[in-house]
Amino acid sequence: MGVGHSRWATHGIPSEENSHPHFDCKGNFLVVHNGIIENYQELKNELKQKGHGFKSDTDTEIIPHLIENFAELGFEEAVKKAVGKLKGRYAIVALNRNSDKMIGVRRGSPLIVGVKNGVKDSDKREFFLASDIPAFLDHTNNVMYLDDEEMVVIDKNERSIKFHNLERREDVEKRLINIGWDAGQAEKNGFEHFMLKEIMEQKDTIMRALNQDVKSIGSMAEKINNAFGTFFTGCGTAGNVCLAGEYIFSKVAGKHINFIVSSEFPNYHHFLTDKTLLIAISQSGETADVLEAIEAAKKKRVKIMSLVNVMGSSLDRKSDYSFLIKAGPEKAVASTKAATSQLALITLLAYACAGKLNEGRRLLIETASKVNDMLNPRYEKHIRRLAEKIYKKDSMYIIGRSLNYPMALESAIKIQEVSYIHAQGFAGGELKHGPLALIDKGTPCIALVAEDEVKDDVISNAMEIKSRGGCIIGVAPENNEVFDYWIKVPDVGDASPIVNIIPVQILAYHLAVLRGCNPDYPKNLAKSVTVK
Ligand code: M6R
């Protein structure tokens, strides 16, 4: 038995003292923890008064001390009592030096059990506890999901596993689920970084996202059409996909859907009724802000539809209707293939809502095939050459309009998070209201252009930037005299967000590498953001 933990700092700086595991006074109980204990200060004061000493600034350290406090009840009961005192969202794993048991508890943060060699072959079986499946995918793809308020007790001697519901105070049975991913999918397979591998996988993943049961697309479209008030919610890249969805639904299906970023969604509860539909988009299905948004919606009896990559994730299980985007494991912190799969599926749903499912499917299949053509070494080299020209710049700006405005925002996230260059995305029309003041001689500005009704306006905005000294990088189906550097993308009509974001993903990747940054593990960020 052993534990390891990568800490994403919430309380106290990243330091050895603040690293997990944390121990009780005698070093008998140890705990690793993901999440935030909201009432830790109050509990810490109580424990200090009882004579417990603390070595770290973390909220986590109170947990082993609380277990120690109840130690005479036995390990399992002590953990139950200890977690009964905690407020907040968390997943913990606890060990006891004097016991052969490992105990996990989940409330709000993900905790998944991996089971190797099935449940029957008890002599050989091995168990893994992790917050995300790729952590143990090298060993097994058979999983059991803990729900909130559940505890798992793994006994090393008996090689047994037991689940207990802490609210109902009863043992519960779990199904063993094969998630269908294999370890190879979570390897770099010859690529230097996961980010580049995942960008290149878009040759297949968009097509896989479209491979949905026609009947369920139809019935989801009906639910969207019949809802009275529909919202999109998501965070970061998934949030930008939601905003693109807002435009796509308006343009293709004539349907008004509001996008609210998940961390703000609970503030919109006044507008929710039992006829509202909330469409949540998330790669991991474990983002705390998204889960809070759907909890707030559920309180008003809103129906939840989700687009999610990780099967069996909290969002998948908590949704009334859920679509898997089938992108396979996404390991790089920067979301790439998940984003384009989400865009493909949202576009397909919009066409289905407009009663034009076949037309939408044809467009997206053609788009997937054009993405396959785009992602060749020559194309990548062309973008790398651009990165070599601009990688020392401090700031970059990206403009787009209509469907490509959300992609300007998404381009900025990609560049910021992996290369640490200051990047900002704007709606082209907003430039004159402030951002133009930021343009200096040679400032790189990307214009995302499609063959649509706003093309001329975006080109005019690019001209305005150029007139003030900016260097224009055009991502567009056709070259234009305003472009200092042109990256060609196919003309795919309403699917333009998919093809326009891909070259920017490649550019962000190369900017990161040229600046000596590891694009897979950006500083200060985590792949799944499981804290508020
Ligand atoms: O797993 P999710 O899709 O819910 O994650 C949401 C964001 O945390 C995520 O998209 C984040 O913005 C990415 N690192 C961006 O590349």
Side-chain angles (χ1 to χ4, degrees), residues 8 34 108-110 112 131-134 193-196 198-199 202 205 209 232-245 259-265 278-294 304 306-316 318-319 322-343 345-346 398 406-421 423 425 501-502 504-509 511-512 517-532:
W8 189 80
N34 181 21
S109 298
I112 304 154
S131 53
D132 206 358
I133 294 165
H193 297 101
F194 283 112
M195 185 177 173
L196 187 59
E198 288 161 7
I199 290 172
Q202 293 173 112
T205 47
F232 277 125
T233 198
C235 303
T237 291
N240 291 331
V241 171
C242 288
L243 184 58
F259 160 57
I260 316 286
V261 69
S262 299
S263 53
E264 286 298 320
F265 187 83
L278 175 62
I279 306 177
I281 303 187
S282 169
Q283 186 285 129
S284 62
E286 299 294 352
T287 301
D289 289 332
V290 177
L291 298 177
E292 287 241 331
I294 66 160
I304 314 292
S306 65
L307 269 63
V308 62
N309 192 31
V310 181
M311 178 187 180
S313 57
S314 303
L315 179 61
D316 183 24
K318 289 179 178 182
S319 301
S322 148
F323 275 112
L324 290 176
I325 60 162
K326 305 178 186 172
E330 192 179 65
K331 297 262 285 188
V333 167
S335 188
T336 53
K337 61 176 180 170
T340 48
S341 295
Q342 291 158 353
L343 282 168
L345 202 42
I346 278 293
I398 307 97
M407 293 304 103
L409 303 181
E410 173 54 13
S411 301
I413 288 200
K414 282 293 89 66
I415 294 167
Q416 290 158 8
E417 72 180 327
V418 297
S419 76
Y420 315 149
I421 293 175
I501 196 59
I502 290 175
V504 187
Q505 296 170 345
I506 301 174
L507 178 65
Y509 170 79
L511 289 172
C517 311
N518 182 339
D520 288 343
Y521 305 108
K523 70 172 159 48
N524 304 341
L525 299 179
K527 179 64 182 159
S528 299
V529 185
T530 54
V531 291
K532 270 216 282 181

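As the structure lists them, so they are numbered: ligands from 1, and atoms in each ligand from 1. Positions are given from 1, in the same order as the sequence printed here.
Near A334, with a cut-off below 4.0 Å to any heavy atom, the atoms of ligand 1 are 16 (O). Atom numbering of ligand 1 starts at 1 in the shown order; those under 4.0 Å from a heavy atom of A238 are 3 (O), 10 (O). Shown in contact with K414 at under 4.0 Å from a heavy atom are these atoms of ligand 1, numbered in order with element: 15 (C), 16 (O). For ligand 1, the atoms closer than 4.0 angstrom to any heavy atom of S282 are 1 (O), 2 (P), 3 (O), 4 (O). If you number the atoms of ligand 1 from 1 as listed, the ones under 4.0 Å from a heavy atom of G236 come out as 12 (O). Within ligand 1, counting atoms from 1 as listed, the ones closer than 4.0 Å to a heavy atom of V333 are 13 (C), 14 (N), 16 (O).
Using modelled atom types and a 3.5 Å distance limit, the side chains of Q202 and T340 yield a donor-acceptor pair. Side-chain contact of S335 with T237: a donor-acceptor pair under 3.5 Å is absent, judged by distance alone.
In terms of protein heavy-atom proximity, atom 5 (O) of ligand 1 is closest to T287 OG1, 3.5 Å. What sits closest to atom 16 (O) of ligand 1 on the protein, heavy atoms only, is E417 OE2, 2.4 Å. What sits closest to atom 7 (C) of ligand 1 on the protein, heavy atoms only, is C235 O, 3.6 Å. Protein heavy atom closest to atom 8 (O) of ligand 1, with residue, atom name and distance, is V529 CG2, 3.9 Å. Here the heavy atom of the protein found nearest to atom 1 (O) of ligand 1 is S284 OG, 2.6 Å. Among all non-hydrogen protein atoms, the one lying nearest atom 10 (O) of ligand 1 is T237 N, 3.1 Å.
The distance from atom CD1 of I398 to atom CG of L409, rounded to the nearest 0.5 Å, is 9.0 Å. Here L243 contributes atom CG and I260 contributes atom CD1; the two are 10.5 Å apart, rounded to the nearest 0.5 Å.
For the side-chain contact (heavy atoms from CB on, under 4.5 Å) test with K337, the passing option among E198, Q342, Q505 is E198; the others fail.
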Task: Derivation of the side chain to side chain donor-acceptor pair (under 3.5 Å) call for S313 and E286 - done: CA-CA 6 Å; S313 57; E286 299 294 352; 4.9 Å; no
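In this structure a side-chain-to-backbone donor-acceptor pair under 3.5 Å is missing from D520 to H193. For the pair Q416 (side chain) and A423 (backbone), a donor-acceptor distance under 3.5 Å is present. Formation of a donor-acceptor pair under 3.5 Å by the N309 side chain with backbone atoms of A327 is found in this model.
Residue contacts with ligand 1, taken as heavy atom pairs separated by less than 4.0 Å, do not involve K527 at all.
Of the listed residues (Q283, Q416, Q342, M195), the one carrying the non-hydrogen atom nearest atom 3 (O) of ligand 1 is Q283.
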